[in-house]
Each structure stands twice: as C-alpha cells, then as structure tokens.
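Okay, so here's the structure we're looking at.
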Amino acid sequence: MTRAEPRLQRKLLSWLLGPLMLLLVLDTVAAYWTSQRFVNIAYDRALHEIAREIVLHVKAGSPQPRLELSQTAADILLMDADDRLFFRVDAGNGALLGGDDGLPPPSATPVHGRGSSNGNGNARFFESTLRGEPVRMVSARMPIDETAGAPVVHVQVAETLNKRSRLAWEVVASVVLPQLLLIVMAAMVVWLGVSRGLDPLKRLRHAVSDRSHLDLSPIDTHDVPGEVRPLVDEVNDLMARLGRTFDFQNRFVADAAHQLKTPVSGLKAQIELALRENDPDRVRHSLAQLYLSADRLSRLVRQLLSLARNEPGALDTVQLQPLDLNAFALEVSMEWVPHAIKRDIDLGFEGVEHPLVIDADRDRLRELINNLIDNAIRYSESGGRVTVRVAIAADGQYGLAISDDGPSIPVAERQRIFERFHRLLGTHEDGSGLGLAIVSEIATLHGARISLEEDVDGVGNTFSVFFPPRRDGGAAP
Ligand SMILES: Nc1ncnc2c1ncn2[C@@H]1O[C@H](COP(=O)(O)OP(=O)(O)O)[C@@H](O)[C@H]1O
Ligand SMILES: [Mg+2]
C-alpha cells in the first residue's frame, strides 16, 4: 500500500510515453525521407547546371569533339565550400574527352536503380560511390551546341553528399526537436497532475493508518474520488458489520460474566456450609442441593454457549440441508413424551400427510423445537395440554406451532421475552431467560419468522415459526 502512488504514476507515464516515443521515431524517419527528397531536388538542379556548363566548353572537331577547359576555369566551375565535385566527358562512344577517369563510363552506370530524371530531360540522377566515398551523380547526353546535327557528348558530374545530408538533418531536427520538447512537457504535466490527483488517496491512507484499532467509525467519504468511493463504502460496510459483531461479543461476555457470578458464588457458599456440617445426613442433604445448583449452572453454561454459537455472524458456518419438517417435528416431540407424562401433561402432535421439505440445520432445528416444547411443558399447569402442529400457512410458508395451556403472556411482553435474560415477573420455574433468545437466533439463521399469539382455544399461548419452503420444493430426503 505504501508504494501505491508512484507505481500508478509510473504506469500512467509509461502508457503515455511509450506510444508517443514510437510516434516520434516514425515521424523522424518520415521527416528524414521527405527532406532528403526535397534536398535532392534542389541540389540536383545545380549539379545539372554544372554539367551543362562543362558541355559548353566542348568544341566540335575531327575525328571527335575536344574539351577546351582550362584548369582555372575547371577549378571555378567545380568549386564548392562543402563538397568535392568530379566530372567526366566522353564522345558518346566511351572515348574519354576529359575529366576524371575515376568515374565509371556511362555504359557502366545503372540504367535502373536509385536514379531519377528530376525533371531535367534525359539527365539521370543517382547515388553511387567514387573511390569509396558516397556521391550523387548526374549522367546526361547533350549536343555540344544548338545547331542541328551537332555532335552529342556524354557528360557525368559527381558530388559528395556533405551539404545534402547536413541540410536533410537540419530539416529533421527542426521538425523533431519541438515535438520532443512537447513530449517532455506533457510527461511533466502528467507527473504533476497525477500526483495532485492522488493526494486524496494519500489522505485516505493516513485516515486509515492513523486510526486506533478500536475505532470502527466509518471513513469520511466526502473527499474521496468517485473511483475509490465504492471501495471505501465497502470498507465502511465491513467495519459496521465488524462493529456489530464486536458489540455482540462484548455484550455477550458482559452478560455471561454477570449471569455466571451469582450461581458460582451460591455454589461456593453452599460448599462452605456443607464443609461445616458434621451430621452425615445433613451433609448428604447439602450435597443433593449442590447437585441441583450444579445442574442449573451447567444448563446456563450450555445455553450461553448455544447463544454464542448461533449469533447472527454464524450464518456463514451453517450448512442448511433439505429436511422434512413434518417428520422431524414428530421425532423431536416423541422424545418429550416421558417428560410430559411425568409432569402430567397431555403432549399431542398434529401433522400433515406429506413431507414439508425445508432447508435446515438438524441440530439447531432440534434445539429450537426443544426450547419451545420445554417452555410449553415447564410453564403449563399439570394436567394441561401441549400440542405441536405442523401445517402449510396461508402464505405458503411451512409453519411449526407449539400451543400450551400456560399463563397467557401479556401483549406488552410478547416482543421482550425473546431478548436475552428477559423473564416474566412472577415466573416460579427455574430458568435463565436464554431459551427464547436462542430460538430467535436459530430462526433467523433459517430465514424463518416467529410469531407469538394467544392459543386458539383461548387458554395459553401459541409460539409459531414459519419456514420458507425449500426452493425447488423437492421431495423428502
Ligand atoms: N410457553 C410459555 N408460557 C408462558 N410463559 C412463557 C412461555 N415460554 C416462555 N415464557 C416466559 O418467557 C420467559 C423467557 O423464556 P425463555 O427465554 O425460554 O427463558 P427461561 O425459560 O429460561 O426463563 C420465561 O421466563 C417465561 O416467563
Ligand atoms: Mg425456557
């Protein structure tokens, strides 16, 4: 994260500079090619002019024309500040009339190849080499004067390439240098612009790195660029979820410590009392009391653990499998029959004829049903009736309802009894107030909805849980 900006900056620059440099190279090649062409057009004309001047010095004669060119005149004609010039004149049949015989005879000069006429009649211009040096050469046949039938001679003039290539490069430089300057300036602008543009990201980084690990408040998004905003929103969302989990854990730890303190102190006091007893009968009685207390404590610990296991964040670890609610509710209810008989409660089951398949976690669903039946039996008067019902609700959801004959729960309390540790005033039965909180958590994990109403027969309560049917409505497993 620390080196993120320079990397982005460098990447942007290379994306920009790579293609621009390639363009510059192509442009240089094209500029060189064009300038060379125009330079040749200009200087070839001068070369042709020299050829014509030389021919003016050829006089008619017999058996062949003569070249009458003094050394001084030749020097003047061939003088040039930058280049060396050479010429050769022959009678048209290969017989040398004058000039430098180092130049190849016309018969040896290429007819094709890199030559051109450059708009100068039958003159041809081409590149060649003369004594190892590259030269530009003109080769032309010209009559020695304007009279008809005047003899025709063949003249060649060659010139080294110094001024041509210098001029060509000067043209290229004048085209390419401003472009190079422009590219350098563009690179600087991009570099500065990007680093300015990345400033908000730098601030964002500090906003995150400077905060305490306990601070889960959302990151301020008003200064954040639009591109990163979804990311920051996601991070904020994650922190909010983390915050809720932390809250839950903290509350849970505090509640658990608080709830465990009293029974553990009670247990210690009872043990101290028992230790002071000498009478074996009373010791036995104290031990029996201790056993009951330990049993209650172990139930509390079990419920606390269950609460922690089923907290909302557990959703990711729950594996829901297809399960027939009808058969499963019957199976769990049957397990309660001995207990119900002991308490003189008439436990009944009303199901449907066919399987009702839902997505459920077997162990958790069992815990949910157990808690509801346990409450129904626990809070009903002996001789009462408890009925477990499975049916399809009007909205197509699969309903599981447990009705009892216990004391009616006041409407004002129907929401609150699902909170942790909440118990109705005047409840004499043993309990921790966690059972319905666990039921509510497990229902949430299954995407189910709970309702609590007065029993249809007017006595007692009905706790209903509505499960969404399995998506493909598949058959029972
Ligand atoms: N079937 C019921 N009939 C009457 N009251 C009930 C019933 N179920 C729950 N309650 C009331 O709701 C409270 C919370 O229940 P629960 O969360 O299971 O905790 P616990 O049973 O440990 O007290 C109980 O203390 C009781 O007062
Ligand atoms: Mg209970």
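Whatever order the structure lists them in is the order used to number ligands and atoms, beginning at 1.
Within a 6.0 Å radius of CD in Gln249, more than 12 heavy atoms belonging to other residues, nucleotides or ligands are found. When the shell of 6.0 Å around CD of Gln415 is examined, it contains 12 or fewer heavy atoms from other residues, nucleotides or ligands. More than 12 heavy atoms of other residues, nucleotides or ligands shown are found within 6.0 angstrom of NE2 on His422. Enclosure of atom CZ in Arg414 by more than 12 non-hydrogen atoms of other residues, nucleotides or ligands within 6.0 angstrom is indicated. Few gaps surround CZ on Arg211; more than 12 heavy atoms of other groups in view lie less than 6.0 Å from it.
For the pair Tyr32 and Ser35, the tightest heavy-atom approach, listed with the atom from each and the gap, is O-OG, 3.1 Å. Across every non-hydrogen atom of Ile377 and Ala340, the tightest pair is CD1-CB, 4.0 Å.
For atom 23 (O) of ligand 1, the nearest protein heavy atom (residue, atom name, distance) is Arg423 NE, 2.6 Å. In this structure, the protein non-hydrogen atom closest to atom 7 (C) of ligand 1 is Tyr379 CD1, 3.5 Å. The protein heavy-atom contact nearest to atom 1 (N) of ligand 1 is Asp404 OD2, 2.7 Å. Summary of contacts: the protein heavy atom closest to atom 14 (C) of ligand 1 is His422 O, 3.4 Å. Nearest protein heavy-atom neighbour of atom 27 (O) of ligand 1: Thr427 OG1, 3.0 Å. Counting only heavy atoms of the protein, atom 3 (N) of ligand 1 lies nearest to Asn461 ND2, 3.2 Å. Annotation: atom 19 (O) of ligand 1 to nearest protein heavy atom, Gly433 CA, 3.1 Å. At the top of the distance list for atom 16 (P) of ligand 1, counting protein heavy atoms only, stands Leu436 N, 3.6 Å.
The salt bridge (Lys or Arg N to Asp or Glu O under 4.0 Å) analysis of residues 271-281, with sequence neighbours excluded, yields the pairs Glu277-Arg282. Residue pairs meeting the side-chain hydrogen bond (donor to acceptor under 3.5 Å, both in side chains) criterion with at least one member in residues 431-450, sequence neighbours excluded, are Gln303-Ser432. Residue pairs that meet the side-chain hydrogen bond (donor to acceptor under 3.5 Å, both in side chains) test with at least one member in residues 332-341, sequence neighbours left out, are Glu335-Arg366, Trp336-Asn370.
Heavy-atom proximity to Pro407, at under 4.0 Å, picks out these atoms of ligand 1: 4 (C).
Where the criterion is an N or O separation shorter than 3.5 Å, residue side chain and backbone included, Leu424 meets it with respect to ligand 1. The shortest N/O to N/O separation between Arg378 and ligand 1 does not fall below 3.5 Å. Taking any N or O of Gly435, backbone or side chain, at least one lies under 3.5 Å from an N or O belonging to ligand 1.
Within the protein, the number of N/O/S atoms found under 2.8 Å from the Mg ion (ligand 2) is 1.
When non-hydrogen atoms are compared, ligand 1 lies under 4.0 Å from neither the backbone nor the side chain of Asp374.
A salt bridge links Asp199 and Lys202; the closest N-O separation between the charged side-chain nitrogens and carboxylate oxygens is under 4.0 Å.
Relative to the ring axis of Phe248, Arg420 places its NZ or CZ within 45° and under 6.0 Å from the centre.
Of all the listed residues (Asn375, Ile417, Ile377), Ile417 holds the heavy atom that lies closest to atom 12 (O) of ligand 1.
At a 4.0 Å cut-off, at least one heavy atom of Gly431 sits close enough to ligand 1 to count as contact. Not a single heavy atom of Phe418 lies less than 4.0 angstrom from ligand 1.
For the side chain to side chain contact (heavy atoms under 4.5 Å, CB included) with Pro218, the qualifying choice from Asn236, Val232, Val235 is Asn236, the only one to do so.
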Next on the checklist: Run the side chain to side chain contact (heavy atoms under 4.5 Å, CB included) test on Phe38 and Val171 for me, step by step, so that the C-alpha distance in whole Å, both residues' side-chain angles and the decisive distance to 0.1 Å come before the verdict.
Outcome noted: CA-CA 10 Å; Phe38 285 107; Val171 172; over 6 Å; no
